[in-house]
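Note that the structure is predicted; figures quoted are calculated from it, not measured. A, B, ... follow the sequence lines: proteins, then strands. Residue 1 opens every chain.
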Number of protein chains: 2
Amino acid sequence: MNEGRFRGRGLRFTEPRRAILDVLSTTTDHLSAEDIYLAVHGDYPGIGLTTVYRTLELLIEMGLVYRFQFGDGRNRYELIQNRLKPGHHHHLVCINCKKIIDYGGGRGRNRFSSGSGRK
Amino acid sequence: MNEGRFRGRGLRFTEPRRAILDVLSTTTDHLSAEDIYLAVHGDYPGIGLTTVYRTLELLIEMGLVYRFQFGDGRNRYELIQNRLKPGHHHHLVCINCKKIIDYGGGRGRNRFSSGSGRK
DNA sequence: CTACTTGCAAACACTTTGCACATCC
DNA sequence: GGATGTGCAAAGTGTTTGCAAGTAG
């Protein structure tokens with residue numbers, strides 16, 4: 001189901017790309033590039049960190065992945081459509097006290113209205 | 001009023017420290033270390049970037065300054081007690097759609113309850 | 001054969017650390 | 001003179017880029 005998204009853009013659905021999507025789709029964690037690299041490295045030792053970064057960049061451009069930060073200096077990545085955590089959900093973070101609230105994603109009502117999300 | 005906080009810890013209230021606090025207390029912006037460095041540099045060309053970083057670290061330990069990130073790869077700093085923006089206020093950020101809501105700080109009711117802020 | 005992919009190493013941007021000198025009390 | 005503070009340069013960390021080699025269609 002993912003191959004077509006690549007082919008449609010003249011891109012190839014290579015082993016590294018499939019492996020990285022696999023890792024992202026089988027966790028609800030917010031992974032860093034290195035997390036993903038290490039996870040993939042078990043099965044495919046040939047895949048380098050550079051490829052992980054480039055693939056993530058590509059997946060973001062394709063609208064499949066979000067990138068964000070939790071304040072520890074490294075980027076985090078998450079599949080937008082994830083069977084384990086479906087739909088669009090928000091991450092509310094109080095940068096002062098570090099409280100993080102994951103909510104949304106069509107699993108029912110939230111205590112907060114979702115607003116219009118101005119850029 | 002700040003000197004005492006330093007002396008009480010056996011620390012000195014030096015010119016760089018005063019200058020950096022000055023910059024922070026005269027803006028409501030969320031400044032990066034380099035922003036602060038450049039602002040201070042006009043009046044005190046001798047103050048280096050290293051000192052800015054070390055002073056900010058110290059101010060955080062002292063509980064005077066917050067550090068956080070807006071997702072552009074650099075840290076941002078803000079005075080906790082700021083005459084222009086008083087009291088404790090939260091920064092709610094949806095990391096997905098980038099909406100940022102500043103609220104709180106004792107200027108009246110918010111649309112959201114503030115919760116208990118678990119770590 | 002042409003465009004797309006990749007790994008390695010080098011380059012980058014921001015931040016931290018090592019060290020010698022300066023300063024305060 | 002001992003602890004604190006500083007600037008410079010070097011090291012560190014996470015990320016991106018240059019480049020030559022590999023591969024699909």
Nucleotide [N], atom [atom2] - distance to [atom1] of [X] in whole Å:
X     : N      : atom1 : atom2 : result
B/D35 : C/dA13 : CG    : P     : 16 Å
B/D72 : C/dC12 : CG    : C1'   : 16 Å
B/F13 : C/dT23 : CZ    : P     : 19 Å
B/R74 : D/dT13 : CZ    : P     : 21 Å
A/N75 : D/dT13 : CG    : C1'   : 13 Å
A/L38 : D/dG14 : CG    : C1'   : 14 Å
B/L11 : C/dT23 : CG    : C1'   : 14 Å
B/R18 : C/dT23 : CZ    : C1'   : 16 Å

Sub-4.5 Å side-chain heavy-atom contact between A/D29 and A/R76: no
Nearest to side-chain heavy atoms of A/T14, which nucleotide of D/dG5, D/dT15, C/dT6: C/dT6
Nucleic acid contacts - residues 40-49 of chain A versus DNA chain D, non-hydrogen atoms under 4.0 Å: none
Salt bridge flag under 4.0 Å for residues A/R67 and A/E57: yes
Pair A/E3 + A/R18: basic N to acidic O under 4.0 Å: no
B/I47 to B/H41 - nearest heavy-atom pair and separation: O-CD2, 4.0 Å
Sugar-phosphate only, base, or nothing, as touched by A/T50 at under 4.0 Å among non-hydrogen atoms: base
Measure the [atom1]-[atom2] distance between [X] and [Y] for me, rounded to the nearest 0.5 Å.
X     : Y     : atom1 : atom2 : value
A/T28 : A/E78 : OG1   : CD    : 8.5 Å
B/Y37 : B/L56 : OH    : CG    : 14.0 Å
B/L59 : B/L64 : CG    : CG    : 5.5 Å
A/R7  : A/N2  : CZ    : CG    : 12.5 Å

Mutual orientation of the aromatic rings belonging to B/F13 and B/F6 [parallel < 30°, tilted 30-60°, perpendicular > 60°]: tilted
Annotated protein contacts, base or backbone, on nucleotides 19-25 of chain D with a non-hydrogen cut-off under 4.0 Å, one of B, S, - each: ----BBS
